[in-house]
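The residues of the chain are indexed from 1 along the displayed sequence.
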Amino acid sequence: MIAPTPIYAYEMSDNGAAVAVSDLDTASPEGGYRWVHLDLSDPAAFAWIAQQSDPVVAGALMRADTRPRMAEHADGLILIMRGVNLNPNSDPEDMVSLRLWVTDRLVITTRMRRLMAVSEIADQMAQGSGPATPADLVCALSQGLTIRMEPVLEALVDEIDDLEERSVDRALRLRGELADIRRSTIALRRYLAPQRDILARLSLEDVGPLHHPHVRVTLRETADRIARLVEELDMVRERSSILNDQMVDARAEEMNAAMLLLSVVAAVFLPLGFLTGLLGINVGGLPGASWPYAFALVCAACLGLAGGLIWWFRRKGWL
């Protein structure tokens, strides 16, 4: 069987030294663990993962569409997490999935797109150091993913703050920006909420290779940070809903004001139209038909009637 070409592959010895692995078919030395990071597009990845574990694990790690979850299987743990997309020309809310198979001696991770948290740990191992155990590696990955979410959430909060300030004078012009914020909030919360739940569960239960007390404390802190981020998203969502309601109300008020103006104009011209229509009938007996000042008198009467109606509407506060 042809071994896949890893993105990263490192051997962590029990004395805390990391060494790059060039051949995945070589056996791991006693003590420590091996971390292999693979690309989902590698055609040899599925068969190799299945050989290291079983087809169930390989299917979980190679699935294209995933949501954050955890599942104990045999002697290991399947863990799916998400991180914000910080790659160039990408939207942060288009979150990138990281799939992990964790045992006491082996950690396999797979991805479709690059994650900064993974690259940071790989850089540490390239310098000869890194997480001492698989549990520490899971903690470092979860912390790295969470830390990079915080600036994205802070930017969303800043955007909604700015939108609320500008909505005082230009509410109807900001509907597109508000829609973008609401879409980003929905996309981020879709993955952050289940990720919060699985990290909280990992911090409370003795799960496979993550049973160390210090690991549970670290995971609990990470779960608390994600819980705070989810609360921030909920707050942004509620503020967006309130702002949207204000925009809807402002539009309704503008429409009501326009309809009121049209109604007043119609009310002013209705009696004038009736009067001119009455005088315009082509029959005999119309008063003033032979009087040269009759037209001027009718015009003055129409102006007086219109002025009186306008004064009345202003008095009632309709204008």
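In terms of modelled atom types and a separation under 3.5 Å, the side chain of S53 and the main chain of I49 share a donor-acceptor contact. No donor-acceptor pair closer than 3.5 Å links the side chain of R190 to the backbone N or O of R67. With hydrogens and angles disregarded, no donor-acceptor distance shorter than 3.5 Å links the side chain of D39 to the backbone of P6. With hydrogens and angles disregarded, no donor-acceptor distance shorter than 3.5 Å links the side chain of D245 to the backbone of V248. At least one donor-acceptor pair closer than 3.5 Å links the side chain of N256 to the backbone N or O of A252. Panel note: side chain D42, backbone T5; a donor-acceptor pair is recorded below 3.5 Å. Using modelled atom types, one side-chain atom of R99 and one backbone atom of R63 make a donor-acceptor pair closer than 3.5 Å. Under a 3.5 Å cut-off, the side chain of R216 and the backbone N or O of L204 do form a donor-acceptor pair.
You'll find the side chain of Y191 stays beyond 4.5 Å of the side chain of T66, heavy atoms only. Looking at D136 and H214, their side chains come closer than 4.5 Å, going by heavy atoms from C-beta outward. No side-chain heavy atom of D104 sits less than 4.5 Å from a side-chain heavy atom of P134. When side chains are defined from C-beta on, V36 does not count as touching V107, because their heavy atoms never get closer than 4.5 Å. Within the 4.5 Å cutoff, no side-chain heavy atoms of L98 are placed close to those of I80.
Residue T185 holds its OG1 atom at 9.0 Å from CD of E159, rounded to the nearest 0.5 Å. A distance of 11.0 Å separates CG of L156 from CZ of R239, quoted to the nearest 0.5 Å. With rounding to the nearest 0.5 angstrom, the CG atom of N85 is 8.0 Å from the CG atom of L115. The line from OG1 of T109 to CG of L79 is 11.0 Å long, rounded to the nearest 0.5 Å. Distance CG/L188 to CG/L233: 5.5 Å, rounded to 0.5 Å.
M12 and V19 end up in different hydrophobic clusters when Ile, Leu, Val, Met, Phe, Trp and Tyr side chains are linked at under 4.5 Å. Residues L61 and M112 fall within the same hydrophobic cluster, defined by Ile, Leu, Val, Met, Phe, Trp and Tyr side chains chained together at heavy-atom separations under 4.5 Å. Residue I147 is not grouped with residue L137 when hydrophobic side chains (ILVMFWY) are merged at heavy-atom distances under 4.5 angstrom, including chains of intermediate members.
Remark: E231 does not engage R189 in a salt bridge, criterion side-chain N to carboxylate O under 4.0 Å.
The cationic atom of R105 (NZ for Lys, CZ for Arg) does not lie both less than 6.0 Å from the six-membered ring centre of Y33 and within 45° of the ring axis.
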Give the C-alpha distance, both sets of side-chain angles, the deciding distance and a yes or no for side-chain hydrogen bond (donor to acceptor under 3.5 Å, both in side chains) between S241 and N244. CA-CA 5 Å; S241 297; N244 183 69; over 6 Å; no
Working for salt bridge (Lys or Arg N to Asp or Glu O under 4.0 Å), residues E93 and R183: CA-CA 9 Å; E93 62 270 15; R183 279 193 294 268; over 6 Å; no
Verify salt bridge (Lys or Arg N to Asp or Glu O under 4.0 Å) between D224 and R196, making sure each step is shown before the conclusion. CA-CA 8 Å; D224 289 340; R196 170 200 60 190; over 6 Å; no
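Between the side chains of T146 and T222, no donor-acceptor pair of N or O atoms lies under 3.5 Å. At a cut-off of 3.5 Å, with distance as the only test, no side-chain donor of T26 or D23 sits close to an acceptor on the other residue.
Shown are Q195, E154, R82, E232; of these, the side chain to side chain contact (heavy atoms under 4.5 Å, CB included) with M149 is made only by Q195.
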